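Below is one structure, written out as structure tokens; comments come after it.
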Amino acid sequence: MSEYFDAIIFIDRREAKVFHFNATDDVKLVFMHTAAPRRHHQADHEDSTKHAVDDDFLHRIVASLDHTGHTLITGPGNSKFELQTYMERHKPELAARISGIEALDDATDSGILALGRQFFRTRGHRHSLAPETSFRHNDVPIKH
């Protein structure tokens, strides 16, 4: 099995995807999970504020990063910052390898990977923008 060096994480309140890739531009989706369903709140309800992402969800994401080098965290909203804070508290050695945090509303796999490749390429990593990049899904089940 190839060694994977960097990771691109897309996270929002509903799901997370962690892509690992290496210097030959092989890409592997190593983690995909949906957060526990949240109860919908009505606007006039006393508890209509947004809730933080739960720690169990964040823990599962961080557990998929043990063998990564640099990490880029992407996504809409504040979930990406909640993940960063969780990593700083619970896995400071992984938090130290966060190379950047970027806003990204496009949750397609190709959009996530394009941003990650461009980000790491501008920082001297050996990742290309070649369209022929392979993509492998490791068949991790999505939990609802």
Side-chain angles (χ1 to χ4, degrees), residues 1-41 43 47-144:
M1 180 176 161
S2 297
E3 185 175 337
Y4 289 85
F5 298 110
D6 297 322
I8 307 163
I9 302 168
F10 176 87
I11 181 172
D12 64 17
R13 295 192 182 288
R14 296 178 314 261
E15 72 175 350
K17 296 178 183 180
V18 178
F19 297 90
H20 287 209
F21 58 101
N22 63 17
T24 62
D25 233 4
D26 287 331
V27 178
K28 183 171 114 174
L29 177 61
V30 296
F31 180 79
M32 187 170 172
H33 187 79
T34 54
R38 298 253 182 228
R39 196 177 73 199
H40 294 283
H41 298 284
D47 187 22
S48 62
T49 59
K50 289 187 178 182
H51 295 279
V53 177
D54 72 67
D55 281 355
D56 184 53
F57 180 53
L58 298 174
H59 173 76
R60 288 188 301 260
I61 297 166
V62 172
S64 71
L65 300 173
D66 284 340
H67 303 291
T68 61
H70 302 280
T71 301
L72 171 64
I73 303 173
T74 67
N78 290 324
S79 298
K80 57 191 171 288
F81 300 113
E82 292 176 38
L83 176 59
Q84 177 189 24
T85 301
Y86 181 88
M87 289 171 74
E88 289 168 349
R89 279 192 326 242
H90 299 283
K91 288 281 196 166
E93 70 281 3
L94 291 177
R97 296 187 300 221
I98 295 173
S99 295
I101 299 176
E102 299 282 332
L104 179 66
D105 291 330
D106 181 4
T108 65
D109 293 347
S110 61
I112 296 165
L113 292 171
L115 175 68
R117 286 192 189 104
Q118 180 180 4
F119 178 88
F120 285 122
R121 192 173 132 208
T122 61
R123 283 154 181 79
H125 293 253
R126 296 179 290 167
H127 304 289
S128 72
L129 297 173
E132 64 274 4
T133 300
S134 65
F135 174 76
R136 294 187 310 263
H137 185 282
N138 70 342
D139 298 321
V140 173
I142 300 172
K143 297 181 183 178
H144 295 279

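The first residue of the sequence shown is numbered 1, and numbering continues consecutively from there. Since the model is a prediction, treat every value here as computed from it, not as a measurement.
- Note that the NE2 atom of His70 and the CD1 atom of Ile98 stand 12.5 Å from one another [nearest 0.5 Å].
- The CG atom of Asp66 sits 6.0 Å away from the CG atom of Leu94 when rounded to the nearest 0.5 Å.
- Counting heavy atoms from C-beta on, the side chains of Ser99 and Leu72 never come closer than 4.5 Å.
- Checked options Leu83, Thr74, Thr68, Ile101; the residue passing with Ile9 is Leu83 (criterion: side chain to side chain contact (heavy atoms under 4.5 Å, CB included)).
- By the 6.0 Å contact criterion, CZ on Arg89 is enclosed, its count of non-hydrogen atoms from other residues, nucleotides or ligands being greater than 12.
- A distance-only check finds no donor-acceptor pair linking the side chain of Lys80 to the backbone of Ile73 [under 3.5 Å].
- The two atoms that bring Phe120 and Thr71 nearest to each other are CZ-C, 4.1 Å, heavy atoms only.
- Atom CG of Asp6 and atom CZ of Phe119 lie 9.5 Å apart (nearest 0.5 Å).
- Note: Asp109 CG to Lys17 NZ = 4.0 Å, rounded to the nearest 0.5 Å.
- Put simply, the side chain of His59 never gets that close to the backbone of His90: no donor and acceptor are under 3.5 Å apart.
- For Asp105, there are no salt bridge (charged side-chain N to carboxylate O under 4.0 Å, His left out) partners, not counting sequence neighbours.
- Heavy atoms only, all atoms of each residue included: Phe10 and Ile112 are closest at CB-CD1, 3.4 Å.
- To the nearest 0.5 Å, atoms CG (Leu115) and CD (Glu102) are separated by 5.5 Å.
- The backbone N or O of Phe57 sits less than 3.5 Å from a side-chain atom of Asp54, completing a donor-acceptor pair.
- In this structure, Ile61 CD1 and Glu82 CD are separated by 10.5 Å, a value rounded to the nearest 0.5 Å.
- Between Ile11 and Val18 the shortest side-chain heavy-atom distance does not fall below 4.5 Å.
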Give the intermediate values and the outcome of side chain to side chain contact (heavy atoms under 4.5 Å, CB included) for residues Leu65 and Arg97.
CA-CA 10 Å; Leu65 300 173; Arg97 296 187 300 221; 6.0 Å; no
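- Partners of Asp56 according to the side chain to side chain donor-acceptor pair (under 3.5 Å) rule, which considers only residues two or more places apart in sequence or in another chain, are Arg60.
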